Amino acid sequence: MPVPEAAVFERLRGFAAVDANQEHASRTINEVFTGRALGEVPVGTAADVTLAFEKARAAQREWAARPARERAEVLERYRALVVDNREYLMDVIQAETGKARWAAQEEIMGLIFAARYFARVAPQLLGSHKVPGAFPILNRTAVRSQPKGVVGVIAPWNYPMLLSIGDSLPALLAGNAVVVKPDSQTPYSSLSNVELLWQAGVPKDLLQVIPGPGGVVGTAIVEACDYMMFTGSSATGRTLAEQCGRRLIGFSAELGGKNPMIVTRGANLNKAAKAAVRACFSNAGQLCISIERLYVERAVADEFTEKFVAAVKAAKLGTAYDYSTDIGSLISEAQLETVTKHVADATSKGAKVLAGGNARPDIGPLFFEPTVLSEVTDAMECGRDETFGPLVSIYPVADVEEAIARANDTDYGLNASVWAASKAEGERIAERLHAGTVCVDEGYAPAWGSTGAPMGGMGLSGVGRRHGPDGLLKFTEPQTVVVTRFLNLDAPWGISQERWQPFLMAIARGIRFLPGR
Ligand code: NAP
């Protein structure tokens, strides 16, 4: 399968929400596998953001007035269009990220799961809910959800379609407009969905994608939006949290991780070793929830390591736009530099290379072998810092207690994986791990794919959650409406306060016996 033609990218350029009456600088986007130019996109400005928000606010008012069921139908149509256009969308993802085809498919599956889950639950979750009022019979109390307004979505380059458009879907469904800033390296993944959303019935100005630098376009979005959804590094997340805090707007952030996997002595080592390759090296390790630390009970450490290293060495690197490869490229010189630096630092301080360890310019300019290190210590950069590349450290541990203690010895808390003698043992270990998601007998994928459950991080790994009911309701403002009937709280019929107030107190004291309290 060849890379999409230049005409495809030229067309996508036209979906960037920039002011056509103004001159814009351009940024060239390269095919990662070869370094050749795919096309150019305009570099957005703060003025483009101002204009986009004006249009978005007008579109949002009309959209929010539609019933949630109607908005859900639009999302269902979008899901069907994603399924129909999946090969094209995967080509676009692969071209600008350099990931293997199956990792691109993970993004498409993520979009399909998110669209289906949110479309299914939104009408019920966004509807009005009765709750017990302050005083029985006198008060009829209901809670409903209002949209925030215009939501800003700032996305990274690693899963650029899923983390830009996938996070926009619940925001749209909740009745908001969305302004997206894709990462500067990967604008096409977001732009390729604009037309599909229009075809599905999303009004033109309701979702706008503005490519451009974080410090300009991103900052302007944070200053204008009513809620910020961010995915990226913990450092940028902290900066945006401060800006959102100053503006007193809601903020949700999915950040970095240093995710552990635990393998106990009773685990199925063949299965664990095979699955660990995917868990560590999906998108060449450039995945927030991928595994960078492996804790294996000493009794089975040699056997597991032998199987794992053999599987890693057998993994096929390549540039194909089909399913014939296991691992693709890193995305940028900066990523290649970080991985090279972490490996060099570790080996210079005594770490041993069990597999990989080298760049592979013979395959493509930004390829690096999947690398397994042993004897890694906290004095090494990759000991505690996120590498965000194809590098994993393996640590034999005395027992499960040590594995849990070391897995939790991190400022992050995003994802963890457990392989144990039984599902029950796996679940018992999972309960003791400080991580937003834990997969028993898998690496990360089912946690992401369980769209009905919250997904996100503890500690430095994030604030708030995507997916699950909260993944929709965070884009809304709950509003409580209380209707008072028959009597107000003032003393009626000339009753004195001395008699009326004890009567109210008697009701308050007895109220706990009423149903629903
Ligand atoms: P990053 O540098 O924080 O960039 C992410 C996005 O933020 C980009 O669009 C970037 O724009 C923008 N940005 C940067 N500085 C900004 C600022 N001052 N104001 C507004 N926007 C700004 O992160 P990255 O290095 O690309 O992504 C890798 C990190 O993301 C890793 O740590 C990874 O673990 C994390 N991540 C987490 C998840 C998750 O779900 N938890 C998922 C994926 C990735 P430009 O670069 O275009 O200027």
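What you see is a predicted model; the values in this text were computed from it and never measured. Note that ligands are numbered from 1 as they come in the structure, with each ligand's atoms numbered from 1 the same way.
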Q: Please report which non-hydrogen protein atom sits nearest to atom 22 (C) of ligand 1, along with the residue it belongs to and the distance in Å to one decimal place.
A: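 Checking every protein heavy atom, the shortest distance to atom 22 (C) of ligand 1 gives Gly214 CA, 3.4 Å.
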
Q: Would you call Gln185 and Ile29 a side-chain contact if the rule is heavy atoms closer than 4.5 Å?
A: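 A side-chain contact under 4.5 Å is absent here.
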
Q: Using a 3.5 Å cut-off on N or O atoms only, is Ser234 in polar contact with ligand 1?
A: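 It does not: no N or O of Ser234 is found under 3.5 Å from an N or O of ligand 1.
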
Q: Regarding Arg466 and Asp167, does a basic nitrogen lie under 4.0 Å from an acidic carboxylate oxygen?
A: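 Yes, this pair counts.
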
Q: Check whether any side-chain N or O of Ser450 sits under 3.5 Å from a backbone N or O of Ala453 as a donor-acceptor pair, and report yes or no.
A: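 Not at all, since once roles are kept as given, no pair shorter than 3.5 Å links the two residues.
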
Q: Under 6.0 Å from the ring centre and within 45 degrees of the ring axis: does the NZ or CZ of Lys474 meet both conditions for the six-membered ring of Phe251?
A: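 Lys474 over Phe251 ring: no.
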
Q: For Trp448 and His467, take the angle between the two ring planes, folded into 0 to 90°, and tell me which bin it lands in: parallel under 30, tilted 30 to 60, perpendicular over 60.
A: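 Perpendicular, since the angle between the ring planes exceeds 60°.
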
Q: Looking only at protein heavy atoms, identify the closest one to atom 39 (C) of ligand 1 and say how far it is in Å.
A: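 So the nearest neighbour among protein heavy atoms is Cys288 SG, 3.0 Å.
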
Q: Number the atoms of ligand 1 from 1 as they appear, then name those within less than 4.0 Å of a heavy atom of Arg466, with their elements.
A: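 Close to Arg466: 40 (O).
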
Q: With heavy atoms only and a cut-off of under 4.0 Å, state how Gln185 meets ligand 1: side chain, backbone, both or neither.
A: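 It is neither; nothing of Gln185 touches ligand 1.
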
Q: Within the 4.5 Å heavy-atom criterion, are Leu196 and Leu89 side-chain neighbours or not?
A: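 Sidechains of Leu89 and Leu196: in contact.
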
Q: Does the residue Pro213 have a heavy-atom contact with ligand 1, meaning some pair of atoms that are separated by less than 4.0 Å?
A: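 Right, Pro213 reaches ligand 1.
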
Q: May I ask you to say whether Lys349 pairs ionically with Asp345, meaning some side-chain N is under 4.0 Å from a carboxylate O?
A: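 Salt bridge: yes.
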
Q: Would Trp157 count as being in polar contact with ligand 1, using the rule that some N or O on each side must be under 3.5 angstrom apart?
A: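 Yes, at least one N or O pair falls under 3.5 Å.
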
Q: Pick, from Thr387, Thr239, Thr231, Ile154, the option with the minimum heavy-atom distance to atom 5 (C) of ligand 1.
A: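 When every heavy atom of Thr387, Thr239, Thr231, Ile154 is considered, Thr231 comes closest to atom 5 (C) of ligand 1.
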
Q: Are Arg11 and Glu195 ion-paired here, with the side-chain N under 4.0 Å from a carboxylate O?
A: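 Counted as a salt bridge, because a side-chain N and a carboxylate O are separated by less than 4.0 Å.
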
Q: Considering only NZ, NE, NH1 and NH2 on the basic side and carboxylate oxygens on the acidic side, decide whether Arg278 and Glu106 come within less than 4.0 Å.
A: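 A salt bridge is present here (some side-chain N lies under 4.0 Å from a carboxylate O).
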
Q: Would you please indicate yes or no on a ring centroid separation below 6.0 angstrom for Tyr78 and Trp198?
A: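 Centroid distance Trp198-Tyr78: not below 6.0 Å, so no.
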
Q: Quick one: nearest non-hydrogen protein atom to atom 14 (C) of ligand 1, plus distance?
A: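 Here the nearest protein heavy atom works out to Thr236 CG2, 3.6 Å.
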
Q: Who's the nearest protein heavy-atom neighbour of atom 7 (O) of ligand 1, and how far?
A: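 Answer, as residue, atom name and distance: Phe230 CE1, 3.3 Å.
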
Q: Looking only at distances, can you tell me whether any N or O atom of Trp448, backbone or side chain, sits closer than 3.5 Å to an N or O atom of ligand 1?
A: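 There is no such contact.
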
Q: By number and element, which atoms of ligand 1 are closer than 4.0 Å to a non-hydrogen atom of Ser184?
A: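 So the atoms of ligand 1 that pass are 45 (P), 47 (O), 48 (O).
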
Q: Within ligand 1, which atoms have a heavy atom of Leu240 less than 4.0 Å away?
A: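 Heavy-atom distances to Leu240 below 4.0 Å select 19 (N), 20 (C).
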
Q: Which atoms of ligand 1 have any heavy atom of Leu163 under 4.0 Å away?
A: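 Matching atoms, with element in brackets: 42 (C), 43 (C).
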
Q: Among protein heavy atoms, which lies nearest atom 30 (O) of ligand 1, and at what distance?
A: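 Nearest protein contact, heavy atoms only, for atom 30 (O) of ligand 1 is Gly232 C, 2.9 Å.
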
Q: Hey, which atoms in ligand 1 end up nearer than 4.0 Å to a heavy atom of Gly256?
A: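 Going through ligand 1 atom by atom, the ones under 4.0 Å from Gly256 are 32 (O), 34 (O).
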
Q: Taking heavy atoms and a distance under 4.0 Å, where does Phe388 meet ligand 1: side chain, backbone, both or neither?
A: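 Side chain only; the backbone of Phe388 stays clear of ligand 1.
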
Q: Tell me whether Ala155 reaches ligand 1 (any heavy atom closer than 4.0 angstrom to a ligand atom).
A: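 Within the 4.0 Å threshold, so yes.
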
Q: Nearest protein heavy-atom contact for atom 43 (C) of ligand 1: which residue, which atom, what distance?
A: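 Looking at atom 43 (C) of ligand 1, the protein heavy atom closest to it is Asn158 ND2, 3.1 Å.
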
Q: Are the charged groups of Asp91 and Arg101 less than 4.0 angstrom apart, N to O?
A: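 Between Arg101 and Asp91 there is a salt bridge, with a charged N closer than 4.0 Å to a carboxylate O.
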
Q: May I ask you to identify the nearest protein heavy atom to atom 11 (O) of ligand 1, giving residue, atom name and distance to one decimal place in Å?
A: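 Going atom by atom, the protein heavy atom closest to atom 11 (O) of ligand 1 ends up being Lys181 NZ, 3.1 Å.
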
Q: I'd like to check which ligand 1 atoms, numbered from 1 as shown, lie under 4.0 Å from a non-hydrogen atom of Leu414.
A: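 Listed by number with element: 41 (N).
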
Q: Working note: Glu427 + Val438, criterion side-chain contact (heavy atoms from CB on, under 4.5 Å); need CA distance, chi angles, decisive distance, verdict.
A: CA-CA 9 Å; Glu427 285 175 77; Val438 185; over 6 Å; no

Q: Would you mind checking which non-hydrogen protein atom is closest to atom 46 (O) of ligand 1, with the distance to 0.1 Å?
A: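 Scanning the protein heavy atoms, the shortest distance from atom 46 (O) of ligand 1 goes to Asp183 OD2, 3.3 Å.
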
Q: Take the angle between the ring planes of Phe308 and Phe281 and call it parallel below 30°, perpendicular above 60°, tilted in between.
A: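 Parallel, since the angle between the ring planes stays under 30°.
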
